[in-house]
Protein chains: 4
Amino acid sequence: MRPDQATAAATVPAPKAKRMPRAQREQLMLDAAVSVFAKSGYHSASMDEIAEAGGVSKPMLYLYLGSKEELFAACLRREAGGLVAAFRDAAAPQLPPGDQLFGGLVAFFRFVGERRDSWALLNQHARSSGGEPVVAEVGQVRRQVVAAVTALVRRAVGSGVQEDPTGRDRGEAAAIAEAIVGAADALARWVAETGGEPPEDSARRLMSVLWIGLEPRMRGARFVPATPSN
Amino acid sequence: MRPDQATAAATVPAPKAKRMPRAQREQLMLDAAVSVFAKSGYHSASMDEIAEAGGVSKPMLYLYLGSKEELFAACLRREAGGLVAAFRDAAAPQLPPGDQLFGGLVAFFRFVGERRDSWALLNQHARSSGGEPVVAEVGQVRRQVVAAVTALVRRAVGSGVQEDPTGRDRGEAAAIAEAIVGAADALARWVAETGGEPPEDSARRLMSVLWIGLEPRMRGARFVPATPSN
Amino acid sequence: MRPDQATAAATVPAPKAKRMPRAQREQLMLDAAVSVFAKSGYHSASMDEIAEAGGVSKPMLYLYLGSKEELFAACLRREAGGLVAAFRDAAAPQLPPGDQLFGGLVAFFRFVGERRDSWALLNQHARSSGGEPVVAEVGQVRRQVVAAVTALVRRAVGSGVQEDPTGRDRGEAAAIAEAIVGAADALARWVAETGGEPPEDSARRLMSVLWIGLEPRMRGARFVPATPSN
Amino acid sequence: MRPDQATAAATVPAPKAKRMPRAQREQLMLDAAVSVFAKSGYHSASMDEIAEAGGVSKPMLYLYLGSKEELFAACLRREAGGLVAAFRDAAAPQLPPGDQLFGGLVAFFRFVGERRDSWALLNQHARSSGGEPVVAEVGQVRRQVVAAVTALVRRAVGSGVQEDPTGRDRGEAAAIAEAIVGAADALARWVAETGGEPPEDSARRLMSVLWIGLEPRMRGARFVPATPSN
DNA sequence: GATGAATGAGAGTTCATTCAT
DNA sequence: CATGAATGAACTCTCATTCAT
């Protein structure tokens, strides 16, 4: 028995289905790649492993997807696209901003709960893995989401954001949106670690702190330490 | 005593200072390793690079630090320790909880702003890099911070957290603490990208949304969608 | 009959002309192969490239030509045949030997100037590329040419070659023929690099040194160093 | 027994001499590489083979020589240097040009006869093997030699070269030099195939045709076909 | 007859890691 | 104590070659 057989068998090789059209094979390969990348991270994953998990030979991987980095990028693109689509579809524009954000968060938590690998890929591994263009691509996606949330924050509080005459607060809404997204990320991890809960509950948790705090903050309320700083 | 050579020599191969006590050598190596890991990430960094940056030969590196993974872990331990210490020192226990959290956040944002390499290591590269023990290590640190914040949240709202008779809210404070920490991370990145601002400002931004929203939320206020979900 | 598609379609993938007699297909493939081999060399050329350039699928290539090496050999055979034929046709046997050689050289230089790919194949790539049989094949061709030239040299100087009673000069004519052929090769490269000139000029250059030197040499003239060798 | 052992053992692995200084190891590696490249050509030679022939591991090859292409270039540089040096040392500048060329040719034929691998490398494999810079390098060497010969030709015939008032013959000496060098190459191959002879004999053969033909040619003698060309 | 789909085998390259001086 | 010298083991990627339709 060869020594590396044990680890190679860790990921289940798909049942050999020969001779299928290119588009379909490509999806299978992406499925396998997402799964392996999510498990091992970009660097530790080997193309051999991915090929085996996908039930194809390495040359097919390269023929269809180009290179390891392109493969990784394709995975990220597909999964990020799914997440963004879920978010956007759930945040119906005719709703009030709070409901939009709530809907989007529900979709987000559902995605995180249901597609573990996708989320692991996007959240853990995309940050520091591939080359510059790949990271940029995923950063782009995050920026889109933040921009959408920023718009919602702005709409929610009217023009309150721009009342500061000094202009120092111009990025305020963006900062809040960043905080919301970051909090959602963290909460998602917490939910996963804690054992899961309905996505609606997670979304409500977040909204119940962040959205409720939004209004007084935008009216001008500021945190002031009770004790003077050093 | 010579001027502080240790911190300055991080990237430049220090002029060979032979015969130096082991503990000091080790710190020099860690300095170099932190710098290199932060720049290239765990996998792309090579032991050659680190040895050269530290002005030592590779066998010394291995003799003192064991292996690449152990070296990485040692870096994380040291830097995480620094962050936790900074946070804890700033959150003086005799202050009211809000002030404690505020102080801790100021320290956090200062750390992020001043020790870029350390933060890059902890935030970007630790997530998906080493094997299990390394990841566990960093997860441990995060959990410590979250626990501290959780305690503050509990103290801040009195026993309100446990009022829910169904017990469904038992993790509420923890969830909020997670969200706060996640929001702080995200805000830190935003600040870095936006060009920097005084750490007090960043801390105030966060407190002005999260802490202000905390009180009504704990009094029982909940977000309820204006439109019934399907 | 359509305009001469065969030679034109060497690099551009010819518009798919299906159902074409085997012999013709084969020539098209050879055209493509010659062009690609000449451009990239034997090893760097890929069968994919050749198949695409020829407007056929790879299995056809293999069906008709066998293997990469056989394909290369077929190319060499065809092109070498062309060169030898050109040389022979130009060296009309009823002419005096000098005129025969001159005519052959003119044909040779014309071939080199007009069929660049063929010449590149024969001169550059055949030397070190395929396995033994291929090299042998090309060596064979060269030997034919040298033999023809040798005969001309012999005829030109009468039986002078065999006059040496010691027999040490038995290969003399052959050696001279080799030198002539080598000089022609080198001159061909020089002409190509220098920008080209009428083939008659190149042939005359060569004849004006080599042929003129032939006669005194065959009469017994020998180079003798002015200074005694060590 | 592993299946590739047979072919690997084809080149004799040097007796394991461990721990030697870098410069020396490098020479051994180059020796091995020259031998293997000469035998198989650039593309067919594998780094494994070279490493084994040199009694080192592949990483050493890469550490010392950089890459396959750089290794090949280093081989060419070393061998070409040897050949040029031999030629130059033998062509003492105080001698008359004919003796200089004769001496150089003797050295050349000696080199070809004694260092078969070097010559195979330079003559067969360098033409179409490595990337552009490598080929250029070797081309450069040939050009140096041709330039030296050109100078000798010029000196030998005085200013006869420039007598042609039309200027069309400006490259004449260069063309003759090219022809001489090409003839030497070809003769070298012939000598090798025929079984070898003293280098002085080969040099005399060449001089006895080319150099003797030089003078009348430079006096204006031209080959004129006895029969008018078509 | 003709081809899209598929692969076994091997190449160059790099790295963490360890002797032997 | 300290290091130049050395390597086993992988990894990404490519190519000639062949099924199965």
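Only heavy atoms go into these numbers, but all of them, side chains included; no hydrogens, no water, no symmetry mates. Within every chain, numbering begins at 1; the chains are lettered A, B, ... in the order of the sequence lines, protein sequences first and strands thereafter.
- Toward the 5' end of DNA chain F, the nearer of the two residues A:Ser67 and D:Pro21, judged by each one's closest nucleotide, is D:Pro21.
- Between C:Phe37 atom CZ and F:dA16 atom C1' there is a gap of 11 Å when expressed in whole angstrom units.
- Side-chain contact between C:Leu71 and C:Leu30 is present, with at least one heavy-atom pair separated by less than 4.5 Å.
- Between the CE atom of D:Met60 and the CG atom of D:Leu28 there is a distance of 12.5 Å, given to the nearest 0.5 Å.
- Heavy atoms only, all atoms of each residue included: D:Ser44 and C:His43 are closest at OG-NE2, 3.3 Å.
- The nearest whole Å value for the distance from the CG atom in D:Leu63 to the C1' atom in E:dT17 is 14 Å.
- Toward the 5' end of DNA chain E, the nearer of the two residues C:Met60 and D:Tyr62, judged by each one's closest nucleotide, is C:Met60.
- D:Ala45 comes within 4.0 angstrom of the backbone, heavy atoms only, and of no base.
- Close to E:dA6, at under 4.0 Å from its OP1 or OP2, lies a side-chain N or O of A:Arg25.
- Classification of the D:Phe72-D:Phe37 ring pair by plane angle, with boundaries at 30° and 60°, yields perpendicular.
- Checking E:dT3, E:dA9, F:dG4 against the side-chain heavy atoms of A:Pro59 singles out E:dA9 as nearest.
- Contact check for A:Glu26 versus A:Tyr64: side-chain heavy atoms found under the 4.5 Å cut-off.
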Secondary structure string for DNA chain E (Watson-Crick or G-U under 3.5 angstrom, | for other-strand pairs): .||||||||||||||||||||

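- Here the P atom of nucleotide F:dT12 and the CZ atom of A:Phe72 are 13 Å apart, to the nearest Å.
- Atom CG in A:Leu71 sits about 15 Å away from atom P in F:dC11, given to the nearest Å.
- Taking 4.0 Å as the cut-off between side-chain N and carboxylate O, B:Glu49 and B:Lys39 count as a salt-bridged pair.
- Contact of B:Lys58 with E:dT17 (side chain to base): a donor-acceptor pair of N or O atoms is detected under 3.5 Å.
- Atom pair C:Glu52:CD and F:dA16:C1' shows a separation of 17 Å (rounding to whole Å applied).
- The interatomic distance linking C:Leu61 (CG) with F:dC15 (P) rounds to 15 Å, in whole Å.
- Comparing D:Met47 and A:Val56 by the nucleotide of DNA chain E whose heavy atom lies nearest to each, the residue mapping closer to the 5' end is A:Val56.
- When distances are taken from the side chain of D:Tyr64 to each of F:dA6, E:dA5, E:dT3, the shortest belongs to F:dA6.
- Atom-to-atom, NE2 of C:His43 to P of F:dA16 comes out at 10 Å; the value is rounded to the nearest Å.
- As a whole-Å value, the separation of A:Asp48 CG from E:dT7 P is 13 Å.
- Among the nucleotides F:dT3, F:dA6, F:dG8, the one closest to the side chain of D:Met20 is F:dA6.
- Expressed to the nearest 0.5 Å, how far CD of A:Gln24 lies from CE of A:Met29 amounts to 11.5 Å.
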